Amino acid sequence: MEQQPIIEFRDVQKEYLLYKNEKQRFRAIFTKNKGVKRHSALKGVSFKIYKGESVGIIGKNGAGKSTILKMITGVSFPTAGEVIVRGKVAALLELTAGFSPDMTGTENIYLKGYLLGLSDDEIKDIEPSIIEFADLGEYIDQPVRTYSSGMKMRLGFAININIKPEILVVDEALSVGDAEFKLKCRRKINELIETGVTVLFVSHSRDAISETCSRAIFLKDGRVKVDGTVDEAFAEYDKKPAKKKQ
Amino acid sequence: MGLTEILSEHKGKGKQIMLLSVNELKKKYKGAALGPLWAVIKPTFTLFILWFAFAVGLRGSGDVLFMGEKYRRFVFMLTGYVPWFFISEMIVGGSRSIRNNKQFVTKLSFPVSNIMTFTSMASLYVHIMLCVIMYIVLICMGYAPSIYNLQFFYYCAAMYLFFLVLSWATAPLSAFSKDFENLINSIITGLFWLSGVFWSTYDLESPLLRKIMYLNPINYFVNGYRKSFLTDTFIFDSNYTTETCVFFGEFVLLIFVGSHFYKKFRKILPDVL
């Protein structure tokens, strides 16, 4: 019996409409986007990721990494094809999204918890570990607008990491606080990986990816160029600039 | 169909919507010492001005003929202005709601139609508080209480739902194009004068014009409030069957149009905002 993939992309295409100006945009309400320039970000991407896998996603800027992540987190939708995600996703991407600046840290834990689809009881369960992880001291009962950006990030990270996700999406470019807190985050992510959570890791760093991932997908111009081991993917990824120089 | 999509987006989201609607109120008046109280103070002050202008200043401005009976200008304005304040807030605020809550669309996987629900609920809280003030004034002036006052709950609910459904279309359209948002903002003053807030649409001389006024749903609500608080007229009074039918026809049509536009724009909103 074949196991069901936890994430599945079936020939996914994504087109962005580029309106020349506001006039064209206004007109588009009534017409069917005639004469509007289109940018194709994904040109038929297919892959399957199974439960417990750690997959690295690599590619140049504009290769379509963010678009894929946005689809997995359910923010964006494909123009054609199908995206199937079977499980709760925690994305360490937009950590502070959904925070309400005028509510206290604790209130925001509930708010964000609801936004991520948790029930009251579930949030109550994880609240202590969030507070402990964020380590905000007395600030947890202060409105979030009084937080420094680092504190906001820490709270956001603490919530996202503690919701017991089945799929974890990590963007390496993310910077969370000082070196000490970064180490704490790295440790927590590794801890989660050991519990068998599925991880998607976006990075440019070979070391970071080979440390956590066994498989890598190399994207180029909206297509999957390599889907294999980390070494295979990076071999292809590193090849590119050399060719350009010639 | 769009409607089923919107309904399923609301399923089991009651708590979340409540929390966000309270938050919406807080957000609007953040930093102010009196906080959300401002939401009531501002329109109350306007009511005070109305009172001053029509009951004190323009004492000689005479009475208004409404459904064949004379009412003091101030009472007539009070019962019209309170629902109007809510209506204009629903139309303008509703159309801006998605753009104002961009982060829910572009950064989270959030049921977008809930945005319109929680922002409009914040306006509803303010409206209900204003209605309480209005009711106290009416009692003091001897117009209330009456069993017909209970009709308020029908008109208020219908009004809320009607403009919520309207925002299913206007909010995505305004988020998509700023020009559409400006269009809505510029017609709102015109709507005030075209609707029976300041004058009675029931007492126009031309019978044809009177019928045409039925087409404006704002009149249905504004006059409905007056029927509940001033004239003690039943919602489904046989003299107004045409008006009731026109309203419900428009409501059903709006549900189709609203959910159609919502569905059409839902999936492209994260890309254009």
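So that the names make sense, note that chain A is the first sequence line, chain B the second, and so on, each numbered from 1. All values reported here derive from a predicted model rather than from experimental measurement.
Take B:Glu5 and apply the side chain to side chain contact (heavy atoms under 4.5 Å, CB included) test, not counting sequence neighbours, and it matches B:Glu9, B:Tyr262, B:Lys263, B:Arg266. Scanning for side chain to side chain contact (heavy atoms under 4.5 Å, CB included) contacts around A:Thr195 gives A:Leu192, A:Val197, with sequence neighbours left out. With sequence neighbours excluded, the residues satisfying side chain to side chain contact (heavy atoms under 4.5 Å, CB included) with A:Thr73 are A:Val75, A:Val89, A:Ala91, A:Leu93.
For chain A, the nearby parts of B:Val272 are the backbone and the side chain; heavy atoms of each come within less than 4.5 Å. Heavy-atom distances place both the backbone and the side chain of B:Phe176 under 4.5 Å from chain A. With a threshold of 4.5 angstrom between heavy atoms, B:Phe104 approaches chain A through side-chain atoms but not through N, CA, C or O. With a threshold of 4.5 angstrom between heavy atoms, B:Lys13 does not approach chain A through any atom at all.
With a 6.0 Å radius and a threshold of 12 heavy atoms from other residues, nucleotides or ligands, A:Lys43 has its NZ atom above the threshold. Enclosure of atom OH in B:Tyr154 by more than 12 non-hydrogen atoms of other residues, nucleotides or ligands within 6.0 angstrom is indicated. No more than 12 heavy atoms of other residues, nucleotides or ligands sit less than 6.0 Å from atom OH of A:Tyr139.
Note that OG1 of B:Thr106 is 7.0 Å distant from NZ of A:Lys70, once rounded to the nearest 0.5 Å. In this structure, the separation between CZ on A:Phe77 and CG on B:Leu269 is 9.5 Å, given to the nearest 0.5 Å. Note: B:Asp271 CG to A:Thr79 OG1 = 7.0 Å, rounded to the nearest 0.5 Å. Summarising the geometry, atom NZ belonging to B:Lys15 is positioned 13.5 Å from atom CG belonging to A:Leu111; distances are rounded to the nearest 0.5 Å.
Residues of residues 162-174 of chain B that come closer than 4.5 Å to chain A, counting heavy atoms only, are B:Leu173, ordered by residue number.
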